[in-house]
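Everything numeric here is computed off the predicted structure, so don't read it as measured data. Counting convention: from 1, in listed order, for ligands and their atoms alike. In what follows, every heavy atom counts, from backbone to side chain, and hydrogens, waters and symmetry copies are set aside.
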Amino acid sequence: MDEIPVVLVTGGAGYIGSHAVLALVDAGFPVVVFDNLSTGVRSAVPEGVPLIEGDIADTDHIAEIIQGFQIGAIMHFAGSIVVSESVEKPLKYYRNNTLNSLGLIETCVRTGVKHFIFSSTAAVYGEPETYPIDEDAPKRPINPYGSSKLMTEQMLLDTSAADGLNTGILRYFNVAGADPAGRAGQNTPAATHLIKVAVQAALGVRSGISVFGTDYDTPDGTCIRDYIHVSDLADAHVLALRHLIGKGGNLLVNCAYGRGFTVREVLTAVEKVIGRPLPVTDAPRRAGDPPALVAKADRIRDLLGWKPAHDSLEEMVETALAWERRVADEAKARRVS
Ligand SMILES: NC(=O)c1ccc[n+]([C@@H]2O[C@H](COP(=O)([O-])OP(=O)(O)OC[C@H]3O[C@@H](n4cnc5c(N)ncnc54)[C@H](O)[C@@H]3O)[C@@H](O)[C@H]2O)c1
Ligand SMILES: O=c1ccn([C@@H]2O[C@H](COP(=O)(O)OP(=O)(O)O[C@H]3O[C@H](CO)[C@H](O)[C@H](O)[C@H]3O)[C@@H](O)[C@H]2O)c(=O)[nH]1
């Protein structure tokens with residue numbers, strides 16, 4: 001590989017961004033993190049990696065950083081991510097995920113950044129008519145979160161065609177787990193993700209867990225999702241960057257394993273790992289939730305040679321649990337001292 005760009009990671013203090021930072025550093029890329037710490041935390045950024053606190057809305061600040069650090073590639077994780085909140089506060093999502101991305105993309109073009117990798121989502125597909133969902137399936141988001149991300153995808157594709165920005169659009173399905181070496185995990189205390197909430201309930205950090213919707217048209221009535229381990233996803237980002245550096249152009253891939261689990265199956269896996277039942281309550285459907293999202297996940301393997309290394313539900317649960325135990329132990333130690 002002839003070019004080793006300095007990579008600016010927006011949202012690098014967050015859950016997925018912090019794992020991508022580890023993967024980039026492990027692969028030998030110089031990295032700079034930019035984050036407003038709205039949900040991310042300073043401690044998620046490894047020692048030796050500069051963390052610049054700021055908001056992606058501040059394009060002058062971004063331009064200064066791009067020029068100062070001679071940034072050649074951007075991985076854009078910063079955004080608002082809670083589907084149900086997007087239904088209640090759509091404009092927050094259009095501002096942070098669409099408008100702020102527009103400013104960032106414009107700044108990249110203006111300052112000559114060559115490569116841009118974007119965190120998109122399975123939520124762009126809405127309620128697909130055929131399964132598994134391939135990348136060319138119709139995009140009909142059913143919540144503002146998905147719409148806000150789809151608009152950014154389109155801006156990137158158009159900018160790539162007009163200005164030659166090499167663009168990687170990575171549509172993540174449901175991301176779970178934590179770094180198997182224990183260096184990172186999901187830090188957001190109010191996180192809403194199923195596996196995170198379930199392991200917190202297992203440890204008594206939460207009093208229990210609700211199953212949102214038990215009357216979906218699925219084998220056990222609960223929603224189906226295609227869960228992907230965060231470290232496999234982080235590796236996919238490094239491969240995507242290498243692909244753009246080597247080949248240029250565009251890349252648009254689903255990031256998933258291509259198989260789904262119901263909410264109840266996930267909770268059973270957590271119970272198996274902890275060896276006891278969870279305090280589970282059935283609850284009404286949550287706004288904006290599609291019944292099933294399972295990917296056709298061949299393109300990422302074919303184009304990038306991606307080989308998942310952590311693709312068992314058990315490992316996702318175990319690594320999430322190990323991280324949550326560590327966070328709980330640290331909090332306990334702080335209370336005692
Ligand atoms: N977690 C998932 O299952 C999932 C699935 C699909 C797509 N995604 C996408 O992946 C990306 C990362 O998600 P995550 O789960 O790591 O969430 P996260 O909340 O842990 O990380 C987002 C990070 O962006 C920062 N941020 C938010 N708005 C910002 C702004 N205006 N300026 C600067 N920093 C800002 C936050 O402080 C945080 O560190 C998001 O774009 C999300 O939409 C996540
Ligand atoms: O306490 C909980 C939490 C979740 N669920 C259910 O578990 C499934 C997964 O929910 P998550 O909140 O873990 O994830 P989402 O599918 O809502 O959304 C996630 O994956 C999407 C892509 O599939 C988006 O990108 C989004 O950012 C990301 O949070 C859903 O059916 C949800 O209703 C529960 O039953 N109880």
Side-chain angles (χ1 to χ4, degrees), residues 9-20 33-42 44-45 51-58 61-62 75-86 92-93 95-97 99-101 103-104 118-125 133 141 143 145-146 148-149 152 170-176 184-188 190-198 200-201 206 208-214 216 218 222-228 230 233 254-256 260-264 266-267 280-295:
V9 180
T10 75
Y15 172 46
I16 306 171
S18 63
H19 287 80
V33 168
F34 186 82
D35 202 298
N36 67 2
L37 303 182
S38 53
T39 56
V41 294
R42 192 173 288 278
V45 180
L51 164 64
I52 295 158
E53 214 178 315
D55 197 291
I56 46 165
D58 186 352
H61 193 185
I62 300 267
M75 285 193 188
H76 179 33
F77 296 89
S80 302
I81 74 154
V82 182
V83 171
S84 52
E85 186 193 48
S86 81
K92 171 177 173 181
Y93 282 71
R95 178 173 296 281
N96 204 21
N97 294 349
L99 191 59
N100 287 346
S101 294
L104 182 65
F118 174 57
S119 302
S120 190
T121 166
V124 299
Y125 296 114
I133 311 164
N143 49 58
Y145 170 72
S148 71
K149 290 281 183 173
T152 301
L170 273 55
R171 290 188 185 140
Y172 317 157
F173 281 60
N174 285 62
V175 189
Q186 194 173 27
N187 289 297
T188 322
T192 52
H193 297 91
L194 178 66
I195 292 181
K196 166 97 179 175
V197 174
Q200 286 187 326
R206 297 187 192 227
I209 178 158
S210 301
V211 176
F212 297 134
T214 55
Y216 286 99
T218 61
T222 66
C223 289
I224 297 175
R225 295 289 183 273
D226 191 337
Y227 295 88
I228 172 174
V230 66
L233 179 61
N254 284 340
C255 297
F261 294 101
T262 65
V263 172
R264 290 223 196 278
V266 170
L267 298 182
V280 176
T281 314
D282 289 353
R285 292 183 178 199
R286 191 174 68 174
D289 276 346
L293 289 171
V294 180

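The side-chain heavy atoms of K196 and T188, taken from C-beta on, include no pair separated by under 4.5 Å. For the pair I81/Y15, no side-chain contact is recorded, criterion being any heavy-atom separation below 4.5 Å from C-beta on. Proximity of T192 to V83: side-chain heavy atoms (C-beta onward) are nowhere separated by under 4.5 Å. Put simply, the side chain of R225 does not reach to within 4.5 Å of the side chain of V266, judged on heavy atoms.
For atom 36 (N) of ligand 2, the closest heavy atom belonging to the protein is S210 O, 2.7 Å. Of the protein's non-hydrogen atoms, the one nearest atom 6 (C) of ligand 2 is V263 CG2, 3.8 Å. Closest to atom 13 (O) of ligand 2 among all protein heavy atoms lies L194 N, 2.8 Å. Looking at atom 27 (O) of ligand 2, its nearest protein heavy atom turns out to be Y145 OH, 2.9 Å. Closest protein heavy atom to atom 23 (O) of ligand 2: N174 OD1, 2.8 Å. Atom 12 (O) of ligand 2 has R286 NH2, 3.0 Å as its closest protein atom, hydrogens excluded (heavy atom only). For atom 28 (C) of ligand 2, the closest heavy atom belonging to the protein is H193 NE2, 3.8 Å. With hydrogens left out, the protein atom closest to atom 3 (C) of ligand 2 is T192 O, 3.4 Å, a heavy atom.
The backbone N or O of A13 lies less than 3.5 Å from a partner atom in the side chain of D35, making a donor-acceptor pair. The closest donor-acceptor contact from the side chain of N254 to the backbone of I133 lies under 3.5 Å.
Under a 4.0 Å criterion applied to the non-hydrogen atoms of Y145, ligand 1 contributes the atoms 6 (C), 7 (C), 8 (N), 9 (C), 42 (C), 43 (O). Of all the atoms in ligand 1, the ones that sit under 4.0 Å from a non-hydrogen atom of S120 are 6 (C), 7 (C). Taking every heavy atom of L37 and a limit of under 4.0 angstrom, the matching atoms of ligand 1 come to 37 (O). The S119 neighbourhood of ligand 1 comprises atoms 9 (C), 10 (O), 11 (C), 41 (O), with distances under 4.0 Å to a heavy atom of that residue. Which parts of ligand 2 touch T121 is read off a 4.0 Å heavy-atom cut-off, strictly below it: atoms 21 (C), 22 (C), 24 (C), 25 (O). Using a 4.0 Å cut-off to heavy atoms of V211, the atoms of ligand 2 that qualify are 35 (O). Those atoms of ligand 1 with a heavy atom of A78 less than 4.0 angstrom away are 24 (O), 26 (N), 29 (C), 34 (N), 35 (C). Taking a cut-off of under 4.0 Å to the non-hydrogen atoms of L293, the atoms of ligand 2 that pass are 23 (O). Each of the following atoms of ligand 1 lies closer than 4.0 Å to a heavy atom of H193: 1 (N), 2 (C), 3 (O).
Note: no N/O pair closer than 3.5 Å links A57 and ligand 1 by distance alone. Considering backbone and side-chain N/O atoms, G40 comes within less than 3.5 Å of an N/O atom of ligand 1. The N/O atoms of D289, backbone and side chain alike, include one that comes under 3.5 Å of an N/O atom in ligand 2. Below 3.5 Å of separation, one finds an N or O of G14 facing an N or O of ligand 1. Polar contact check, T121 against ligand 1: no nitrogen or oxygen pair lies under 3.5 Å apart. Any N or O atom pair closer than 3.5 Å counts here, and I81 shares at least one such pair with ligand 2. The N/O atoms of S80, backbone and side chain alike, include none that comes under 3.5 Å of an N/O atom in ligand 1. At least one N or O atom of K149, backbone or side chain, sits closer than 3.5 Å to an N or O atom of ligand 1. Taking distance alone, with nitrogen or oxygen atoms compared against 3.5 Å, Y15 approaches ligand 1 more closely than that limit. For ligand 1, the polar-atom distance check finds an N/O of N36 within less than 3.5 Å of one of the ligand's N/O atoms. Looking at Y172 next to ligand 1, no N or O pair under 3.5 Å apart turns up. Looking at C223 next to ligand 2, no N or O pair under 3.5 Å apart turns up.
Atom CZ of R206 is surrounded by more than 12 heavy atoms from other residues, nucleotides or ligands within 6.0 Å.
Taking all heavy atoms of V175, N187, I52, T152 into account, the minimum distance to atom 3 (O) of ligand 1 is reached by V175.
Tested against N97, the residues S148, S120, S119, S86 include a single side chain to side chain donor-acceptor pair (under 3.5 Å) partner, S148.
Summarising the geometry, atom CZ belonging to F77 is positioned 4.0 Å from atom OH belonging to Y172; distances are rounded to the nearest 0.5 Å. In this structure, NE2 in H193 is found 7.0 Å from CG in N174, a value given to the nearest 0.5 Å. Rounding to the nearest 0.5 Å gives a distance of 9.5 Å between CG of L51 and CZ of F34. Once rounded to the nearest 0.5 Å, the distance linking CG of L233 with CD1 of I228 reads 4.5 Å. Expressed to the nearest 0.5 Å, how far OG1 of T222 lies from CG of L267 amounts to 8.0 Å. Atom CD1 of I52 sits about 12.5 Å away from atom OG1 of T10, to the nearest 0.5 Å.
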Practice prompt. For the pair Y216 and D289, evaluate side chain to side chain contact (heavy atoms under 4.5 Å, CB included) and give the outcome as yes or no after the intermediate values.
Written response: CA-CA 10 Å; Y216 286 99; D289 276 346; 3.7 Å; yes
Worksheet item: Could you go step by step and tell me if E53 and R42 meet the side chain to side chain contact (heavy atoms under 4.5 Å, CB included) rule?
Response: CA-CA 9 Å; E53 214 178 315; R42 192 173 288 278; 2.6 Å; yes
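Side-chain atoms of S80 and N96 form a donor-acceptor pair, as typed in the model, at a separation below 3.5 Å. Side chains of Y93 and E85: a donor on one and an acceptor on the other come within 3.5 Å.
Here N97 has no heavy atoms under 4.0 Å from ligand 1, in either its backbone or its side chain. Contact annotation for A123 and ligand 1: no heavy atom of the residue comes within less than 4.0 Å of the ligand.
Between F261 and Y227, the two ring planes are tilted [angle within 30° to 60°].
Using a 4.0 Å cutoff on heavy atoms, Y227 counts as a contact of ligand 2.
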